[in-house]
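The structure appears below as structure tokens.
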Amino acid sequence: MSNKMNIPDTGQERIVVIGGGFAGIEFIKKIRYIDDYQIVLLDRQNYFTFQPLLYQVATAGLEPNSVAYPFRRLFRKNKNVHFRMAEVQEVSPSHDLVHTNIGQLEYDHLVIACGGQTNYFGNNPESMMNLKSLTGAVEMKNAILGTFEKALEADDPEEREKLFNIVITGGGPTGVELAGAFGEMKKFVLPKDYPQMDFDQLQIILLEGQDRVLPAMSEKASAEAQKYLEQLGVKVRLNKMVDGYEDDEVQLNDDSTIPSKNLIWTAGIKAIQIPGLDDAVQHKGNRLVVDKFNRLVGYNNIYAIGDIAAMLTPDTPNGHPMLAPVAIQQGQHLGENFLRIARNDEFAEFYVFQYRDKGTMATIGRNRAVVDAPYFKMQGTLAWFAWMFVHLITLVGFRNKLVTLIDWSYNYFTYDRALRLITTDKKLDNKNEKARKTEAAEAV
Ligand SMILES: Cc1cc2nc3c(=O)[nH]c(=O)nc-3n(C[C@H](O)[C@H](O)[C@H](O)COP(=O)(O)OP(=O)(O)OC[C@H]3O[C@@H](n4cnc5c(N)ncnc54)[C@H](O)[C@@H]3O)c2cc1C
């Protein structure tokens, strides 16, 4: 088998995994001890990102290292697992080949797990901030903290208003959690750091296109979340969508505008596109249609798991929700099926994927969260503890769990956020530059 990535040719069946997110790493964890397989993980980053806590990095609550974990460390004891930091550009199923920016690689089985990217729904991503990557989260923190430094110098009231309006578009869990965290900063942290500034002028505005925040959760959860946000001073504006953003003006669908230099886009997600696959597998939002084993329809040796997979069933006519538990369960389930193949069992109807929905949750500042579980719903302090527990146990690595627990305890007892460093040499222009370039390239 020829390859150009210095992957040894061992005679084992080679499984190439594109993307080490929740789905990819759970899949590899299941099969890493099976000698029949050589596993090659390709990812454009050298670490796993725990995306649900990125908003805490962006709001100075957690350090970036706590929400990331290097792949080489994760799989260092597994000699049959190889990692290459590579961006996959195309696949050639007729030749069983993956093309990347560092060369090409043959596979026996291909698992596509490269997740999602921000969907701007035709809006120009230039000048907006997003929260899809660790780099994006750090840049957002730098930009927002830089805003307060600039506001301190601004004499012109119009300029100050633009700096002091933080507009978040998208009232899903990410937008709500981000808005809540900024609300807490406004209430507890910023007045102490900048005693000469009037933070009543700081507006955190959350825009949601539907008639309630957290539209995918229960009405009770939406109502409580909105109440909690308003208690933190967040202005929630429902049935509002962004039509454009130019010259520091956010244009809304009702023809009104909001002056702002800080527009954060959390309003949508679509899958990352991998060229080379048949049109027949393409579904809405770049997702790939899979059967009940997560095998791409029309292909025998290509699979898709996680956000990128669309398993279309009567219960899930548009595929499963793009959530971490779905990705985790699909990764584990496909791994179990590969274990069965290694034992010479066939895929049996018995082993089709079934999603076990354990519920959804969102937190809105200290002591406030909403949880919709299959058999109960809860809000308030108990929900907040449940949210913290679930996120803590799901974080990868003991150090990350420990550091996160320490940071959270510190923030809780001191009402402070210790990580308010502006860590960039670049001129602060509130543009999510690297993330934006990546998104723009992907959008082509
Ligand atoms: C800000 C934010 C908050 C979220 N909060 C929650 C939450 O609270 N609860 C919840 O359940 N879900 C949440 N989600 C969704 C959840 O994170 C995703 O559903 C989950 O990460 C999907 O896992 P995945 O393995 O499919 O993809 P990902 O975790 O996105 O991993 C994809 C991997 O593929 C790599 N990759 C992408 N393209 C390429 C390429 N061309 N070549 C090589 N590598 C590539 C990426 O670098 C990445 O490592 C959140 C998402 C975001 C962005």
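Numbering of ligands and ligand atoms starts at 1, following listing order.
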May I ask you to check whether [X] and [Y] place their ring centers less than 6.0 Å from one another?
X      : Y      : value
His333 : Tyr351 : no
Trp384 : Phe389 : no
Tyr303 : Phe293 : no

- Considering residues at least two apart in sequence or located in another chain, which fulfil the side-chain contact (heavy atoms from CB on, under 4.5 Å) criterion with Leu312?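 Once residues adjacent in sequence are excluded, the partners of Leu312 under the side-chain contact (heavy atoms from CB on, under 4.5 Å) criterion are His283, Val289, Ala310.
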- Message: Applying side-chain contact (heavy atoms from CB on, under 4.5 Å), can you list everything that pairs with Ser222, at least two apart in sequence or on another chain?
- Response: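 Scan of Ser222 (side-chain contact (heavy atoms from CB on, under 4.5 Å), adjacent residues dropped) gives Arg212, Leu214.
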Geometry only, no angles: is [X] polar-contacting ligand 1 at N/O separations under 3.5 Å?
X      : answer
Gly24  : no
Glu177 : no
His391 : no
Leu323 : yes

Atoms in ligand 1 flagged as close to [X], the criterion being non-hydrogen separation under 4.0 Å:
X      : answer
Gly21  : 25 (O), 28 (P), 29 (O), 31 (O), 33 (C)
Ala23  : 25 (O)
Ala86  : 42 (N), 43 (C)
Lys132 : 30 (O), 53 (C)
Ala327 : 22 (C), 23 (O)
Pro325 : 11 (O)
Ile272 : 37 (C), 38 (N)
Gly306 : 26 (O)

- Message: At under 4.0 Å between heavy atoms, is it the side chain or the backbone of Pro173 that contacts ligand 1, or both, or neither?
- Response: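 Looking at Pro173 and ligand 1, no heavy atom falls under 4.0 Å.
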- ligand 1-proximal atoms of Met322, by part, heavy-atom distance under 4.0 Å: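 Answer for Met322: backbone.
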- Query: Going by heavy atoms, is Thr174 under 4.0 Å from ligand 1?
  - Reply: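 True for this residue.
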- Message: Exactly one of Phe338, Tyr107, Phe27 should register a ring-ring contact (aromatic ring centres under 6.0 Å, His included) with Tyr37. Which one does?
- Response: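 By the ring-ring contact (aromatic ring centres under 6.0 Å, His included) criterion, Tyr37 pairs with just one of Phe338, Tyr107, Phe27: Phe338.
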- Exercise: do Arg368 and Gln231 side chains pair donor with acceptor under 3.5 Å: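 Per modelled atom types, Arg368 and Gln231 side chains form a pair under 3.5 Å.
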